[in-house]
Amino acid sequence: LRIQIYTDESALGALPWEYVYVWAPVRDSTAKKDTGFLALDREISIVRYLNDADIEVPVGPDQVKIVALLSDGAESGHQQLDMAREEDNLRQALVGVGGAELKVFNKGKLGGLLDWLTENNAKEFHFAGHGTIEKEPLGKAFTFREDRNLVLVGEEGGEQLWDDEKVAMELGDRGIRLVVLSACDSGGLDPKSQFSAGIPALIQQKIPAVVGMQFTVRDANAIAFCHRLYLALASGKSIDTAVSEGRHGIYQRPMDAGRDWGVPVLYLQTNKAVLFPKPIEPMLINWALLFVSLGVLGAWFALHILPLITQA
């Protein structure tokens, strides 16, 4: 069951629907159980839509090119994050996936990424690092617009903010199927105007699927989420199934999962949720070619040899 959240009201769209709870009383207890959270039910997915577009995604298997920008925060004056583990998880998830290619920029600098995007056709963009929100006055008293930024490292060191509109403009019209922003506050909506910036800017650039974090999230939990997310995607599962697996990756952590399993949010604007179909196994291709060859041989025998045998 896919629960589709679509609303024109900014305040409603900004609500954390991923924490919706359905009370299911247990006979011998009046305490709430975590099984009541719909987002933790693997048979239910909660997906957000900002429009009714249906972007076409190729059906057949294709080479999966993933480009990742990792920024650990150390050079930009923020808490240092475990980007080595993040990169390891990305690489491990793609082991054995035919045709998969991963390019990682792990210094948090923008220049190399922009050059690579100019010369290559990525199917997915992944960012891991810090995110910030800046409030921009709109002219009326006590009214602000929320601008969301990814925290990078400048070419000369120090903090460089990559604002949401520039992110969207750079990633748009490149055939990218999925954007994953593993950064605090990268996936929330502005309660005053849900089309102001951030995720909506990516949606306007016709990115079929976007995953972000609607609140702050612990580093270890974000890593656990992405680990399970990519394992599921690499096995050919749908993006909403992969997000559900990522939530459970957080939930199953022994100590500090807290409420972080509900922080990831998924935005879609395609009906084809399997963004990266699993490549056909070479052995299956060989068997298929064998049966086709036998069929052709049988037809040739029936047309040319069988009539001669009948006449004899």
Side-chain angles (χ1 to χ4, degrees), residues 14 16 66-91 102-117 124-137 144-171 179-190 196-199 201-202 210-230 246 249-250 253 255-265:
I66 300 175
V67 59
L69 178 60
L70 311 182
S71 181
D72 66 10
E75 289 189 55
S76 57
H78 293 261
Q79 177 186 353
Q80 186 167 2
L81 306 175
D82 190 354
M83 290 296 105
R85 187 176 172 191
E86 182 88 7
E87 182 175 347
D88 286 344
N89 284 340
L90 286 170
R91 297 192 182 281
L102 173 64
K103 177 65 177 178
V104 178
F105 295 88
N106 55 16
K107 301 299 183 182
K109 295 184 178 182
L110 193 55
L113 170 69
L114 299 183
D115 291 344
W116 189 92
L117 287 172
E124 183 202 334
F125 172 74
H126 176 92
F127 175 80
H130 288 284
T132 65
I133 298 179
E134 292 186 349
K135 293 185 180 294
E136 178 183 343
F144 300 89
R145 163 182 145 160
E146 292 184 351
D147 291 329
R148 297 170 190 268
N149 307 297
L150 304 180
V151 180
L152 309 181
V153 177
E155 294 302 321
E156 304 299 327
E159 179 185 78
Q160 176 182 339
L161 299 181
W162 195 16
D163 73 68
D164 40 24
E165 292 189 75
K166 288 185 177 181
V167 173
M169 290 294 289
E170 184 61 40
L171 300 181
V179 171
V180 176
L181 302 177
S182 182
C184 294
D185 300 310
S186 60
L189 295 178
D190 186 342
S196 61
I199 295 294
L202 289 166
V210 182
V211 176
M213 303 294 177
Q214 60 183 320
F215 305 120
T216 58
V217 60
R218 295 178 180 89
D219 182 32
N221 290 338
I223 291 173
F225 171 79
C226 289
H227 176 65
R228 293 276 288 270
L229 172 82
Y230 283 107
I250 297 176
R253 295 198 70 242
M255 295 296 293
D256 58 350
R259 50 77 170 159
D260 281 359
W261 54 262
V263 174
V265 289

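Please read all numbers here as calculations on a predicted model, not as lab measurements.
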Which heavy atom of [X] sits nearest a heavy atom of [Y], and at what distance?
X: G111; Y: E155; answer: N-OE2, 3.3 Å
X: C184; Y: T216; answer: SG-CA, 3.6 Å
X: L81; Y: S71; answer: CD1-O, 4.2 Å

- Message: Taking the cut-offs as 6.0 angstrom to the six-membered ring centre and 45 degrees off its axis, would you call K109 and F105 a cation-pi pair?
- Response: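 Cation-pi check for K109 and F105: fails.
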So does [Y] get a backbone contact from the side chain of [X], meaning a donor-acceptor N/O pair under 3.5 Å?
X: S182; Y: F127; value: no
X: Q214; Y: G262; value: yes
X: S76; Y: V153; value: no
X: D219; Y: D82; value: yes

- Would you say the side chains of Q79 and H130 form a donor-acceptor pair under 3.5 Å?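 No - no donor-acceptor pair under 3.5 Å links their side chains.
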- Task: Check whether the side chains of E86 and H227 place a donor and an acceptor atom closer than 3.5 Å, and report yes or no.
- Result: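 No, H227 and E86 have no side-chain donor paired with an acceptor closer than 3.5 Å.
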Within a strict 4.5 Å, meaning less than it, do heavy atoms of the [X] and [Y] side chains meet?
X: V151; Y: L161; answer: yes
X: I133; Y: D147; answer: no
X: E87; Y: L70; answer: yes
X: L110; Y: Q160; answer: yes

- Item | Residues R148, D164; criterion salt bridge (charged side-chain N to carboxylate O under 4.0 Å, His left out); working and verdict | CA-CA 6 Å; R148 297 170 190 268; D164 40 24; 5.9 Å; no
- Answer yes or no: is there an ion pair linking E170 with K166, defined by an N-O contact shorter than 4.0 Å?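 Answer for the salt bridge query: no.
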